[in-house]
Colleague: 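The structure that follows is given in the form of structure tokens.
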Amino acid sequence: MGEFRMLKLGEQIREEISKLIMTQKVKDPRVSTFLSINRVEVARDLAYAKVYVSSFLNESQVKKGVEGLQSAAGFIQSSIAKKLSIYKFPRLTFVADTSIKDGFDMVNKLNRLEEEEKQTKSESED
């Protein structure tokens, strides 16, 4: 499969998993509607797909959510395979992704440093 088609398939899988989470079709209580699917990387042979999950919830809740999604992987795979017409549907593996939260924390740190710098400048001028 071409690179463009792999990216498109990953995006379709991401959208479908997001819909299942938002509509609460995944009945596992560990899966929160606050979980978001960042991206899906599909292997070239369509054997596996890594699904990156993130949230602004604390790390333990995200890990529990990932465990819930992993236990519901069979249901998710069969639900999406019915909608997409491909000859082989990849086995889904869910991974906690902290990149969004790390980026948010970095922006907060930069904002705090900027405020501290403004305060020190205003104090030195007085």
Side-chain angles (χ1 to χ4, degrees):
M1 235 179 189
E3 187 68 28
F4 176 74
R5 290 182 65 189
M6 299 303 283
L7 292 173
K8 188 175 174 183
L9 176 61
E11 185 61 25
Q12 287 177 320
I13 292 172
R14 186 192 70 76
E15 287 177 15
E16 292 298 329
I17 295 172
S18 296
K19 285 179 190 175
L20 288 173
I21 292 172
M22 293 306 294
T23 57
Q24 297 180 341
K25 297 269 167 71
V26 180
K27 300 294 184 191
D28 195 305
R30 298 173 286 185
V31 178
S32 168
T33 56
F34 292 110
L35 295 176
S36 63
I37 307 301
N38 289 350
R39 68 183 190 276
V40 177
E41 293 178 355
V42 181
R44 290 184 88 54
D45 63 352
L46 294 179
Y48 296 96
K50 268 190 182 177
V51 181
Y52 293 90
V53 182
S54 70
S55 179
F56 285 109
L57 300 171
N58 63 40
E59 281 187 46
S60 65
Q61 288 177 313
V62 173
K63 286 182 181 178
K64 286 180 183 178
V66 168
E67 290 170 5
L69 287 169
Q70 192 61 51
S71 69
F75 166 74
I76 294 170
Q77 287 169 201
S78 65
S79 297
I80 298 173
K82 291 174 186 173
K83 294 180 181 180
L84 303 180
S85 58
I86 56 175
Y87 66 94
K88 181 180 180 183
F89 194 83
R91 173 173 282 135
L92 301 176
T93 304
F94 293 89
V95 179
D97 185 11
T98 60
S99 62
I100 289 178
K101 189 169 183 170
D102 293 343
F104 185 73
D105 291 342
M106 184 63 68
V107 169
N108 284 337
K109 287 178 185 178
L110 291 172
N111 288 338
R112 281 196 305 266
L113 287 172
E114 197 173 272
E115 287 296 319
E116 288 174 10
E117 186 177 313
K118 286 180 183 178
Q119 287 178 355
T120 56
K121 280 185 179 181
S122 66
E123 289 174 1
S124 65
E125 290 176 357
D126 291 338

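The basis for the numbers below is simple: all heavy atoms, side chains too, and nothing from hydrogens, waters or symmetry mates. In this chain, numbering begins with 1 at the start of the sequence shown.
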Colleague: Connecting only ILVMFWY residues whose side-chain heavy atoms lie within less than 4.5 Å of each other, what is the rest of Tyr48's hydrophobic cluster?
Modeller: none
Colleague: With side chains defined as the heavy atoms from C-beta onward, is the minimum distance between Phe34 and Val62 less than 4.5 Å?
Modeller: no
Colleague: Which atoms form the tightest heavy-atom contact between Asn38 and Ser54, and what is the distance?
Modeller: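 Residues Asn38 and Ser54, closest heavy atoms: OD1-OG, 2.9 Å.
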Colleague: Go through it in stages, so that I can follow the logic: the residues are Arg39 and Glu41, the test is salt bridge (charged side-chain N to carboxylate O under 4.0 Å, His left out), and I'd like the CA-CA distance, side-chain angles, deciding distance and then a yes or no.
Modeller: CA-CA 7 Å; Arg39 68 183 190 276; Glu41 293 178 355; 3.3 Å; yes
Colleague: If you look only at pairs with a residue in residues 57-77, which of them pass as a side chain to side chain donor-acceptor pair (under 3.5 Å), with sequence neighbours excluded?
Modeller: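 Residue pairs with at least one partner in residues 57-77: Asp28-Ser71, Arg30-Ser71, Asn58-Ser60.
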Colleague: For Lys88, I'd like to know if atom NZ has over 12 heavy atoms of other residues, nucleotides or ligands within 6.0 Å.
Modeller: yes
Colleague: Report yes or no: does Thr93 contribute a side-chain atom to a donor-acceptor pair with the main-chain N or O of Lys50 at less than 3.5 Å?
Modeller: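 No.
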Colleague: To the nearest 0.5 Å, what is the distance between CD1 (Ile37) and NZ (Lys19)?
Modeller: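 The CD1 atom of Ile37 sits 13.5 Å away from the NZ atom of Lys19.
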Colleague: Would Leu57 and Tyr52 show up in the same hydrophobic cluster when neighbours are defined by side-chain heavy atoms closer than 4.5 Å?
Modeller: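 Cluster IDs for Leu57 and Tyr52 differ.
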Colleague: For Leu84, which residues count as a side chain to side chain contact (heavy atoms under 4.5 Å, CB included) partner, sequence neighbours excluded?
Modeller: Leu9, Gln12, Ile13, Ile80, Phe89
Colleague: One thing to verify: whether Glu117 and Lys121 come together as a salt bridge, which I'm taking to mean a side-chain N less than 4.0 angstrom from a carboxylate O.
Modeller: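 Counted as a salt bridge, because a side-chain N and a carboxylate O are separated by less than 4.0 Å.
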Colleague: Give the minimum heavy-atom separation between Phe94 and Leu69, together with the two atoms involved.
Modeller: CE1-O, 3.4 Å
Colleague: More than 12 heavy atoms of other residues, nucleotides or ligands under 6.0 Å from CZ of Phe56: yes or no?
Modeller: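 Correct, the count exceeds 12.
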Colleague: How many angstroms lie between CD in Glu3 and CG in Leu7, if you round to the nearest 0.5 Å?
Modeller: 5.0 Å
Colleague: Give me the atom names and distance for the closest heavy-atom approach of Pro90 to Val42.
Modeller: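 Taking every non-hydrogen atom into account, CG-CG1, 4.4 Å.
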Colleague: Answer yes or no: is there a side-chain heavy-atom contact under 4.5 Å between Ile76 and Val51?
Modeller: no
Colleague: How far does CZ of Phe75 sit from CG of Leu20, to the nearest 0.5 angstrom?
Modeller: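 Separation between the atoms: 6.0 Å.
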Colleague: What are the two closest non-hydrogen atoms of Val31 and Gly68, and how far apart are they?
Modeller: CG2-C, 3.7 Å
Colleague: What pair of heavy atoms forms the shortest contact from Leu92 to Ala73, and how long is it?
Modeller: O-CB, 4.2 Å
Colleague: I'd like to know if Lys8 and Glu11 make a salt bridge, using a cut-off of under 4.0 Å between side-chain N and carboxylate O.
Modeller: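 Answer for the salt bridge query: no.
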Colleague: For the atom pair CE (Met22) and CG (Leu35), what is the distance rounded to the nearest 0.5 Å?
Modeller: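 Spacing of CE (Met22) from CG (Leu35) equals 10.0 Å.
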Colleague: Are any side-chain N or O atoms of Ser36 and backbone N or O atoms of Ser55, one a donor and one an acceptor, separated by less than 3.5 Å?
Modeller: no
Colleague: For the residue pair Thr33 and Ile21, what are the closest heavy atoms and their distance?
Modeller: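 Looking at all heavy atoms of both residues, the shortest contact is CG2-O, 3.7 Å.
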Colleague: Measure the spacing between CZ of Arg5 and CD1 of Ile86 and express it to the nearest 0.5 Å.
Modeller: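 Taking CZ in Arg5 and CD1 in Ile86, the distance rounds to 9.5 Å.
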